[in-house]
Amino acid sequence: MKIIVTGGAGFIGSNIVNEYIHAGHQVSVIDNLHHGFKRNLNSKAVFYRADICDLKAMRRIITKVKPAVINHHAAIAEVIVSIRNPLPTMTVNVQGTINLLQVGGEVGIKKFIFASTGGAIYGDAQHLPTTEAEPTLPVSPYGLSKLLAEECIAYYSRMYGFNYLIFRYPNVFGYHQDPHGEAGVVAIFCERLAHGLPVTIFGDGSKTRDYMYVADIVQANRLALRRGNRITINLGRGKEISDQMVFDTIHDFFPRAPQVRYQPVRSGEVKRSCLRANLATKTLGWKPRWNFATGVADYVAQMHYV
Ligand code: NAD
């Protein structure tokens, strides 16, 4: 199958590219390397360095490739960055998505797979673990941009008749995550603690997230090629992991590293989050295989930290 993966030089996208190539698909990557790296690129993928906001470039590339599937992972994906300066996030995540939908519709794609967010789209949810029935009340421009993109996908799917699957991800961690970014607490903590540097928790350590190892996300994206029809589904383990638990789990690998420092909470970040993924199991036959501790242990080993 011919597949375009946008953001395929980034963390999650590059892991998905590797899996698709391993499964025998013809993969093209679109990425402007804003936050992706050439070293993440699979040499068997055709790489187009381009900005998804550039409609002309998207038309040229997508018309040439004629993919059956666009798997859209390119985005400005950092909540704090979006609060500091909302417009670039809104532009890339909404207008960029519209460009892909428009041209994808014109060339007759069969399916659009999208990386949305469960962590930022529900806001401070009333119910935990949160299901897809929860109202979407984002509290950051990043969450809002993903919500708008979801609406655009449903609209273009109606207009052009292609299928779609929207994933609402939890906090993903694993290989290829940028340890020097502003998001990706597991990668940042591991990198700093491995080098004996202190880390910061914003708040008192009680803020929670649902963490998922990237291998489980990849597995869902593999299944999404065949299953899931015009549907929006959560991925998650339904387990809350606090910032303090993240620190303690990682610090165990680096016992001589300094203890954590605490700083005031940052606005726009929800207090608690975890996602119920029953619909993903029902729709895709998907179940997570890794828990937080085994995922961290695998990541630490892959990075040769210990
Ligand atoms: P990432 O920053 O590592 O990857 C995003 C990629 O998109 C980068 O390679 C970047 O260069 C590329 N990109 C950014 N702007 C672009 C543009 N204008 N044109 C072309 N390429 C562009 O982030 P990630 O963590 O791998 O996230 C991938 C996707 O998953 C994003 O859509 C993100 O919103 C979503 N997501 C991630 C998480 C998580 O925990 N990492 C959680 C929920 C949703």
Side-chain angles (χ1 to χ4, degrees), residues 4-18 28-42 45 47-55 57-58 61-62 70-82 87-100 112-122 138 140-150 153 166-188 209-214 216-218 220-221 232 234-236 241 246 269-270 273 275 295:
I4 287 181
V5 180
T6 72
F11 160 43
I12 301 174
S14 62
N15 281 285
I16 292 168
V17 169
N18 290 345
S28 300
V29 168
I30 297 176
D31 199 303
N32 67 353
L33 302 183
H34 168 80
H35 190 220
F37 301 94
K38 276 196 169 162
R39 63 171 183 269
N40 289 346
L41 288 167
N42 188 305
F47 175 51
Y48 296 94
R49 183 170 184 173
D51 190 324
I52 58 169
C53 297
D54 181 345
L55 179 59
M58 290 308 105
I61 296 163
I62 297 170
I70 294 179
N71 183 314
H72 179 31
H73 273 70
I76 296 183
E78 293 165 322
V79 169
I80 294 302
V81 169
S82 83
L87 215 52
T89 299
M90 299 305 288
T91 306
V92 171
N93 297 4
V94 183
Q95 185 193 323
T97 302
I98 291 173
N99 287 347
L100 299 169
F112 195 88
I113 300 170
F114 180 60
S116 187
T117 165
I121 215 162
Y122 298 114
S140 65
Y142 169 69
L144 175 62
S145 74
K146 289 288 179 177
L147 180 57
L148 294 172
E150 288 191 2
I153 292 165
I166 294 168
F167 283 122
R168 290 181 177 162
Y169 291 160
N171 265 42
V172 188
F173 70 98
Y175 200 52
H176 284 178
Q177 189 159 34
D178 178 13
H180 305 290
E182 297 222 28
V185 64
V186 172
I188 294 168
R209 294 289 180 269
D210 192 340
Y211 284 87
M212 177 155 289
Y213 198 42
V214 70
D216 283 327
I217 297 286
V218 166
N221 277 273
T232 300
N234 288 343
L235 296 181
I241 307 271
V246 171
E269 294 196 287
V270 300
S273 170
L275 304 171

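We count ligands from 1, going down the list as the structure has it; atoms in each ligand are counted the same way. Here, residue 1 is the first one in the sequence, and each next residue gets the next number.
Applying the side-chain hydrogen bond (donor to acceptor under 3.5 Å, both in side chains) rule to Asn99 yields no partners; only residues at least two apart in sequence or on another chain are considered.
Checked against the 6.0 Å centroid threshold, Phe173 and Tyr213 count as a close aromatic pair.
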Please tabulate, one pair per line, all N/O donor-acceptor pairs under 3.5 Å involving side-chain atoms of residues 47-54, not counting sequence neighbours.
{"from": "Asp51", "atom 1": "OD1", "to": "Cys53", "atom 2": "N", "distance (Å)": "2.8"}
{"from": "Asp54", "atom 1": "OD1", "to": "Lys56", "atom 2": "N", "distance (Å)": "3.2"}
{"from": "Asp54", "atom 1": "OD1", "to": "Ala57", "atom 2": "N", "distance (Å)": "3.1"}

I'd like the atom pairs linking ligand 1 to the protein - N or O on both sides, separation under 3.5 Å - with distances to 0.1 Å.
{"from": "ligand 1", "atom 1": "2 (O)", "to": "His35", "atom 2": "ND1", "distance (Å)": "2.7"}
{"from": "ligand 1", "atom 1": "3 (O)", "to": "Phe11", "atom 2": "N", "distance (Å)": "2.9"}
{"from": "ligand 1", "atom 1": "7 (O)", "to": "Ala75", "atom 2": "N", "distance (Å)": "3.4"}
{"from": "ligand 1", "atom 1": "9 (O)", "to": "Gly10", "atom 2": "N", "distance (Å)": "3.1"}
{"from": "ligand 1", "atom 1": "9 (O)", "to": "Asp31", "atom 2": "OD1", "distance (Å)": "3.3"}
{"from": "ligand 1", "atom 1": "9 (O)", "to": "Asp31", "atom 2": "OD2", "distance (Å)": "2.6"}
{"from": "ligand 1", "atom 1": "9 (O)", "to": "Gly36", "atom 2": "N", "distance (Å)": "3.3"}
{"from": "ligand 1", "atom 1": "11 (O)", "to": "Asp31", "atom 2": "OD1", "distance (Å)": "2.7"}
{"from": "ligand 1", "atom 1": "11 (O)", "to": "His34", "atom 2": "N", "distance (Å)": "3.1"}
{"from": "ligand 1", "atom 1": "11 (O)", "to": "His35", "atom 2": "N", "distance (Å)": "2.8"}
{"from": "ligand 1", "atom 1": "11 (O)", "to": "Gly36", "atom 2": "N", "distance (Å)": "2.9"}
{"from": "ligand 1", "atom 1": "13 (N)", "to": "Asn32", "atom 2": "OD1", "distance (Å)": "3.4"}
{"from": "ligand 1", "atom 1": "18 (N)", "to": "Asn32", "atom 2": "ND2", "distance (Å)": "3.4"}
{"from": "ligand 1", "atom 1": "18 (N)", "to": "Asp51", "atom 2": "OD1", "distance (Å)": "2.9"}
{"from": "ligand 1", "atom 1": "19 (N)", "to": "Ile52", "atom 2": "N", "distance (Å)": "3.0"}
{"from": "ligand 1", "atom 1": "21 (N)", "to": "Asn32", "atom 2": "N", "distance (Å)": "3.2"}
{"from": "ligand 1", "atom 1": "21 (N)", "to": "Asn32", "atom 2": "OD1", "distance (Å)": "3.3"}
{"from": "ligand 1", "atom 1": "26 (O)", "to": "Phe11", "atom 2": "N", "distance (Å)": "3.4"}
{"from": "ligand 1", "atom 1": "26 (O)", "to": "Ile12", "atom 2": "N", "distance (Å)": "2.8"}
{"from": "ligand 1", "atom 1": "32 (O)", "to": "His73", "atom 2": "O", "distance (Å)": "3.0"}
{"from": "ligand 1", "atom 1": "32 (O)", "to": "Lys146", "atom 2": "NZ", "distance (Å)": "2.8"}
{"from": "ligand 1", "atom 1": "34 (O)", "to": "Tyr142", "atom 2": "OH", "distance (Å)": "2.6"}
{"from": "ligand 1", "atom 1": "34 (O)", "to": "Lys146", "atom 2": "NZ", "distance (Å)": "3.0"}
{"from": "ligand 1", "atom 1": "40 (O)", "to": "Val172", "atom 2": "N", "distance (Å)": "2.8"}

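Side-chain atoms of Asn18 and Tyr175 form no donor-acceptor pair, as typed in the model, at a separation below 3.5 Å.
Among residue pairs with one or both ends in residues 31-42, none qualify as salt bridge (charged side-chain N to carboxylate O under 4.0 Å, His left out); sequence neighbours excluded.
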**Request:** Apply the test side chain to side chain contact (heavy atoms under 4.5 Å, CB included) to residues Ile76 and His35: give CA-CA distance (whole Å), side-chain angles for both, the deciding distance (0.1 Å), then the verdict.
**Result:** CA-CA 8 Å; Ile76 296 183; His35 190 220; over 6 Å; no

